[in-house]
Amino acid sequence: MAYASVRTLSPADDGKEVSVAGWAEDIRNLGGIVFVILRQREGTLQLAARKKENPPIFEALAGLVRESVIAAKGVLKANPQARNGWEVFPTQVEVLSRAEAPLPLGVVDKVGADLDTRLDNRVMDLRKPERRAIFHVRDLLIGGIREYLHRHGFVEVTTPKLAGAGAEGGATLFRTDYFGKVAFLSQSPQLYKQMLMATGLDRVFELSPAFRAEPSDTVRHVTEFLSFDAEVAPIRHQEDFLKILEGCVANAIASVREHGKPYLDLLAADPKAPSLPIPRVPYSEALDLLAVEGKNLRDGDDLDTEAEKVLGRVMAAKGHDLFFLVEYPSAIKPFYVMVKEDDPDVSYSFDLEYKGDEMASGGQREHRYDRLVARMKGVGLNPEAFEFYLRAFRYGMPPHGGWGLGIDRLVQKVLDLPNIREAILFPRDRNRLVP
RNA sequence: GCCCCGGUGGUCUAGUGGUCUAUGAUCUCGGUCUGUCGAGCCGAGUGCUCGGGUUCGAAUCCCGACCGGGGCGCCA
C-alpha cells in the first residue's frame, strides 16, 4: 500500500485502512492514551493509541524519539476532536529512521534560534513549513518569469560559469586552477549573452549562479547568487526591453499572488502587484527629489545606500514600490554601456529599484565596434584580452540591450525578509562555505 | 575591508570582580496522568568560544584570535 498524503484524506474516509509516513513531530503521552503528531510535506496528522486497547502500539508510539521518520498502518477514524477532523489508530508502527536526541535545532520548540544557528542546521530549519514556504514562493517567482518570457519568444540559454577572463572588471573574481591555467568563476553572463545577439538567438534569458569575491557583509549580499539575465536584439532604444522587464516582474509577482496564497499566509506577506508602467525616473530628477529630502548628492555621484533608501521611501509614498532609475551617468557604468549621442556623460542605462534596494540593472549596449573598443580603453581594459568577445562585434552586431536581476533579492523584497540568506537554501557569504 | 556591539547547557536567555556549587525557558531522561493539539504536574540532567594577561579571587576587567549581530563601502 502506497503511503497516503494528509491532503488526500478526510473524515469521509472513516473506517478505511491507510498507510502513512512522516516525521514524528510531537509525542504526547497522557498515560492511558498517546497522541503522535505526524508531519508530512503538506501538513500534519494525528496518530492515537489507547493503552488498554493495544498495549504494544501504545508503547511503540510513546517510546518514539521526536523527528524520527516512521510509517504507520491502521484505521482512519473521523473525530471532530482531532486535527483535520480525523485520526489514525495504528495496528502497525515502524521506525524507518530514528532521530538522535537532543536535536541540534528544534522544529517545534518554543524557543527561537539565531539565523546563524539555523543555517548551520539548515535541514532541520527547513522542516518548518514557514521556511519551506519561502522556497515555494521563489519557485513561483521563477516560474512566472519563465512563463512570461517564453510567451514573448525568448529562449532560455546557459553560458559558461568557468571562464578565462572576467566579465566587466570592478567586481572581484574568484580564481581557480584549470589544469594549470588560471580560470575564474563567472561573475555575470554579460559578455556571452551579448555575443549571442550576433547569432539570431537574440531574445535570450538565463537563470544561473553568479559569483562575486567581494568582501561584502550585509543583509543583501552573498558571494553566490542566482542571476536572471536577459538580452534582446534588435532594438531601437531601451524602452523596447524595459517593457519586457516590467512585464516579467509583474507576471512573477502575479504568479505568487495567484498560486502562492497558502505560502504568503504562512509568511504573513502580501506583495503588492505593481501598476504598469513602472515609473521611469531620470537620474537628474532623482537628485532633485533627494535634495528636497535634504540629501544632497553631487551630479555624477552614484547613489549611496542612504540615498537609495530615501528615494525608495519617496517613491513608496507616491504608491510605487518599484521604479526605474534611468539615464545614469556614463562614468559609473561599465564599458559596454551606450552613451547618449548628444550628452556623453549620460548613458542609456537603468537600475530597477524595489523597496529601497537595487533589484536589477541594465541598459542599451554599445554595439558599434570602434566605440566599444574606445570605451574599453577609456576604462583601462585591454581589448586584446577580450578578443573572443569583440570578434562578435566585427561581423554585424545588431543594436541590443538587456539586464541582470538578482533573484534572491527579488524573493527577499517580495516577502520583506530581513536577510537575503533567508531566501537561499544554502547561502554562501564571506564566512560561510558550509553546509 | 572599516565603525559600533556581542559570544553563558543542544536551543534561546539572566548575570558588569567574591553573595555563581551560574538565572529562567526550551530540550533530554525518568515518573505521573484516557482526548492532547504551545498538553499538564513532579524530579533529574546538560553550560561561561579559544589563547594569553591583571587580581588574593574572573562568566564579569585587559589584549589577541575565531565567530556572530547592526551599519557603511561595493554591487544583483
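Just so we're on the same page: letters track the sequence lines, and every chain starts at 1.
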Taking atom [atom1] in both [N] and [M], compute the distance separating them and give it to the nearest angstrom.
| N | M | atom1 | result |
| --- | --- | --- | --- |
| B:rU26 | B:rG47 | C1' | 14 Å |
| B:rA14 | B:rC20 | C1' | 12 Å |
| B:rA25 | B:rG35 | C1' | 27 Å |
| B:rC56 | B:rC50 | C1' | 26 Å |
| B:rG73 | B:rA65 | C1' | 25 Å |
| B:rU13 | B:rG70 | P | 13 Å |
| B:rG7 | B:rA59 | P | 14 Å |
| B:rU46 | B:rC12 | C1' | 15 Å |

**Request:** Measure from NZ or CZ of A:Lys161 to the centre of the six-membered ring of A:Phe211, then state whether that distance is under 6.0 Å and the direction lies within 45° of the axis.
**Result:**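 Output no; distance or angle outside limits.
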**Prompt:** Is NZ or CZ of A:Lys413 both nearer than 6.0 Å to the six-membered ring centre of A:Tyr354 and within 45° of the ring axis?
**Reply:**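 Pair A:Lys413/A:Tyr354 does not count as cation-pi.
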Under a 3.5 Å cut-off for both distances, is [N] Watson-Crick or wobble paired, and to whom?
| N | result |
| --- | --- |
| B:rA14 | none |
| B:rG43 | B:rC29 |
| B:rG6 | B:rC67 |

Could you tell me the separation between the [atom1] atom of [X] and the [atom2] atom of [N], rounded to a whole number of Å?
| X | N | atom1 | atom2 | answer |
| --- | --- | --- | --- | --- |
| A:Gln187 | B:rA76 | CD | P | 9 Å |
| A:Asp116 | B:rG7 | CG | C1' | 11 Å |
| A:Leu105 | B:rU26 | CG | P | 17 Å |
| A:Phe225 | B:rC74 | CZ | C1' | 12 Å |
| A:Asp351 | B:rC74 | CG | C1' | 13 Å |
| A:Leu325 | B:rC75 | CG | P | 14 Å |
| A:Glu353 | B:rA76 | CD | P | 11 Å |
| A:Asp301 | B:rG73 | CG | C1' | 14 Å |

**Message:** Would A:Tyr328 and A:Val337 count as a side-chain contact (heavy atoms from CB on, under 4.5 Å) here? Give the steps.
**Reply:** CA-CA 10 Å; A:Tyr328 255 75; A:Val337 75; over 6 Å; no
Output the single nucleotide from [options] whose closest atom is nearest the side chain of [X].
| X | options | value |
| --- | --- | --- |
| A:Asp217 | B:rU13, B:rC72, B:rA76 | B:rC72 |
| A:Val219 | B:rG10, B:rC67, B:rG70 | B:rG70 |
| A:Lys309 | B:rG71, B:rG10, B:rA76 | B:rG71 |
| A:His221 | B:rC74, B:rG71, B:rG68 | B:rC74 |
| A:Arg409 | B:rU26, B:rA76, B:rU11 | B:rA76 |
| A:Arg66 | B:rC75, B:rU28, B:rA76 | B:rU28 |

**Prompt:** Passes side-chain contact (heavy atoms from CB on, under 4.5 Å), A:Gln46 versus A:Arg83? Steps please.
**Reply:** CA-CA 7 Å; A:Gln46 179 162 281; A:Arg83 56 182 65 198; 4.2 Å; yes
What nucleic acid atoms does [X] come within less than 4.0 Å of, heavy atoms only: base, sugar-phosphate, or nothing?
| X | value |
| --- | --- |
| A:Val108 | nothing |
| A:Asp109 | base |
| A:Pro215 | base |
| A:Gly106 | nothing |
| A:Arg220 | base |
| A:Ser216 | base |
| A:Gln412 | nothing |
| A:Ser361 | sugar-phosphate |

**Asked** Are the side chain of A:Arg132 and the backbone of A:Arg127 linked by a donor-acceptor contact shorter than 3.5 Å?
**Response**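 The answer is yes, because a donor-acceptor pair under 3.5 Å joins these two groups.
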**Request:** Without swapping roles, check the side chain of A:Arg409 against the backbone of A:Glu358 for a donor-acceptor pair under 3.5 Å.
**Result:** yes
**Request:** Indicate, yes or no, whether a donor-acceptor pair under 3.5 Å links the base of B:rC72 to the side chain of A:Thr305.
**Result:**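 No, no donor-acceptor pair under 3.5 Å.
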**Prompt:** Which parts of nucleotides 32-38 of chain B does protein reach within less than 4.0 Å, heavy atoms only, written one letter per nucleotide 5' to 3' as B for base, S for sugar-phosphate only and - for none?
**Reply:** -BBBBBB
**Request:** Look at the aromatic rings of A:Tyr192 and A:Phe388 and report parallel, tilted or perpendicular, splitting at 30° and 60°.
**Result:**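 Plane angle between 30° and 60°, so tilted.
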**Prompt:** Taking the six-membered ring for Trp, are A:Tyr389 and A:Phe335 parallel (under 30°), tilted (30 to 60°) or perpendicular (over 60°)?
**Reply:**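 The rings of A:Tyr389 and A:Phe335 stand perpendicular, inter-plane angle above 60°.
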**Message:** It should be established whether A:Thr117 places a side-chain nitrogen or oxygen under 4.0 Å from OP1 or OP2 of nucleotide B:rC12.
**Reply:** yes
**Item:** First of A:Glu358 and A:Leu115 reached from the 5' end of RNA chain B, by closest nucleotide
**Value:** A:Leu115
**Prompt:** How close do A:Ile57 and A:Ala49 get, heavy atom to heavy atom, and via which atoms?
**Reply:** CG2-CB, 3.8 Å
**Message:** Show every side-chain hydrogen bond (donor to acceptor under 3.5 Å, both in side chains) that has at least one partner inside residues 48-57 of chain A, sequence neighbours left out.
**Reply:**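 Residue pairs with at least one partner in residues 48-57 of chain A: A:Arg50-A:Glu53.
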